[in-house]
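Within every chain, numbering begins at 1; the chains are lettered A, B, ... in the order of the sequence lines, protein sequences first and strands thereafter.
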Amino acid sequence: MKAIDLHSRPALATGVRLQTDRVTGEPVLLSPEGIHVLNDTAHAIVLSCDGIRTIEEIAAALAEEYDAPVEALREDVLACLAELHQTGRIVIS
Amino acid sequence: MPGGASSNGPDRHLVKPRPYALLAEITYRCPLHCPYCSNPVQYPTGRELETAEWRRVIEEAAALGVLQAGFSGGEPLLRPDLAELVAYARAAGLYTNLITSGLGLDAKRASALREAGLDSVQISFQAGEAALADGIAGARAHEKKIAAAQAAREAGFALSANVVLHRRNIDQLAEIVAFVASLGATRLELANVQYYGWAYLNRAHLLPTRDQVIAAREFVAGEKTRREGMEIFYVLPDYYEERPKPCMNGWGRRYITVNAVGGVLPCPTASSIPGLRFENVRERSLSWIWTESESFQKFRGEDWMREPCRSCPERERDFGGCRCQAALLTGEAENTDPVCTLSPHRSVVDAILQRAGAGEPSSEWTLRQNPPLSPSPAPAG
């Protein structure tokens, strides 16, 4: 599998859908693999996966939006997307 | 059932059982005759649910908290109203998955399903080449499945493939994986036969030897690192495990199955448990059946457990294993799944494994038969 890094451009894989759980109100990623509940950070990250922006750019934008240090966010964003990539929920280009 | 509502989500809400996935077995009819089919050998009697009845079931399921609907069977494409049912499920906010043999999936049907909002297509294959595959399916199906896979991809679906593994195809894994990759699948599920329904009947023909299972596991482990762009999932035959599978993530806890004639079951094979009576959506609401019915409450939680499960710390992980397996192999569904080496009945499983090591019987396996012809609902739209 192609390694994921800060220059990767993530997008949701075909057949993966972001939706709100009507019972809990939480955002969930639905796929043939099952149900993956997203916390607020993961939700913001997934919403940024447009297949155009790199992970570096996504981290920078989120750092600005949440007024957080970009170094720490870079780690979080990469770790979150690496997990989603590992389970086939996102693809990278 | 492998896969399903796994991962981090559902178990964070342990307060109350909540169904996350609905398996809709919309017909028992099928053009294939696979000897490991998990459908019941004794089909329930009655007429298939009609379109309006399925619509109600789907909407009630969504209201209960279900997030995913799997359309299965039998062969779900035999229902002319499949796209309509998918559209109802999507309108109710469900993720929709088609679990199919592929027979009947041409370009027109695939694009109609895509337009109806179908999220995912999983096509079964029996082997990596036609002669073996068609022998297993008891029908000339392999070439049609290849065409179906192409139609699914061209309609824009990510293709999932499922190959059930057993004694007669598990040694061909290299060929199988290469074949499925050549179809452009992004996901391959290699699930060993689980012994229920027709598979239980044919177990002596299907159960692989220990050597076969070990070789397969090693091959898949290597293949997972070698293959690009295709996720591979491998499910062991649980007889070779030392601990039982957490069947259905617990009885009446995460899953609902509604069968072709409206029976509501905690798992697709629960009708194999003697003495258990299942409710029907024609008589009761899904909500009542989920919360109140005897069948769903019977093995929910831990009160039903006997030793060694009752005092075992692992009961929170495996829920005592599979009730159907306990009933089939020990005669009582309340017993610990005999796959568990802590079960006093483990010797039953060991004896079966020993026979598997001694060779396959010379008799032929029994191909799955369709249910007796019953009137199917009028075509919709």
Side-chain angles (χ1 to χ4, degrees), chain A residues 1-5 7-47 49-52 55 75-93, chain B residues 1-13 15-16 18-21 62-70 90 92-99 114 117-122 152-153 155-162 186-189 224-233 249 254:
Chain A
M1 192 181 287
K2 192 174 160 189
I4 187 166
D5 61 32
H7 306 295
S8 307
R9 298 170 198 276
L12 281 187
T14 308
V16 179
R17 194 142 59 78
L18 177 64
Q19 196 171 298
T20 304
D21 181 339
R22 67 200 267 180
V23 174
T24 62
E26 291 173 310
V28 287
L29 269 188
L30 303 174
S31 72
E33 264 52 84
I35 298 154
H36 188 92
V37 182
L38 301 172
N39 62 25
D40 290 344
T41 313
H43 187 210
I45 294 168
V46 165
L47 285 174
C49 292
D50 53 11
I52 297 165
I55 293 177
E75 297 285 304
D76 289 350
V77 173
L78 190 57
C80 168
L81 290 174
E83 188 195 340
L84 294 173
H85 183 233
Q86 183 72 35
T87 54
R89 289 176 167 100
I90 66 154
V91 290
I92 52 170
S93 55
Chain B
M1 177 181 171
S6 61
S7 94
N8 67 338
D11 289 318
R12 288 171 47 205
H13 308 282
V15 188
K16 185 177 160 203
R18 164 187 166 184
Y20 279 88
L64 270 175
V66 164
L67 290 172
Q68 297 190 303
R90 273 306 295 267
L94 304 187
Y95 185 91
T96 52
N97 193 11
L98 174 64
I99 302 147
R114 183 83 181 154
L118 184 66
D119 288 297
S120 169
V121 175
Q122 178 179 299
R153 286 195 60 207
F157 292 108
L159 178 67
S160 281
N162 170 288
T186 52
R187 185 175 183 278
L188 167 61
E189 195 172 289
K224 276 185 176 185
T225 59
R226 287 190 294 269
R227 283 281 159 200
E228 296 239 337
M230 185 168 80
E231 291 283 318
I232 303 178
F233 300 83
N249 276 305
R254 296 289 176 249

Just by modelled atom types, is the Gly34(A) backbone N or O under 3.5 Å from a matching donor or acceptor in the Tyr95(B) side chain? no

Could you state the interatomic distance from CG (Leu30(A)) to CD (Gln68(B)), rounded to the nearest 0.5 Å? 5.5 Å

Which heavy-atom pair separates Ala158(B) from Thr14(A) by the least distance, and what is that distance? CB-O, 3.6 Å

In Å and rounded to the nearest 0.5 Å, what is the OG to CD distance from Ser120(B) to Glu33(A)? 8.5 Å

For Arg153(B), look at atom CZ and say whether over 12 heavy atoms of other residues, nucleotides or ligands are found less than 6.0 Å away. no

Note: Val23(A) and Gly65(B) closest approach over all heavy atoms is CG2-CA, 3.6 Å

Are the side chains of Pro32(A) and Gln122(B) in touch, meaning some heavy atoms are under 4.5 Å apart? no

Interface residue of largest heavy-atom contact number with chain A, from Ala62(B), Gly156(B), Ser160(B), under 4.5 Å: Ala62(B)

Taking atom CZ of Arg17(A) and atom CG of Leu67(B), what is their separation to the nearest 0.5 Å? 9.5 Å

Out of curiosity, Arg18(B) CZ to Asp21(A) CG, how far, rounded to the nearest 0.5 Å? 4.0 Å

Toward chain A, the part of Leu159(B) with a non-hydrogen atom under 4.5 Å: neither

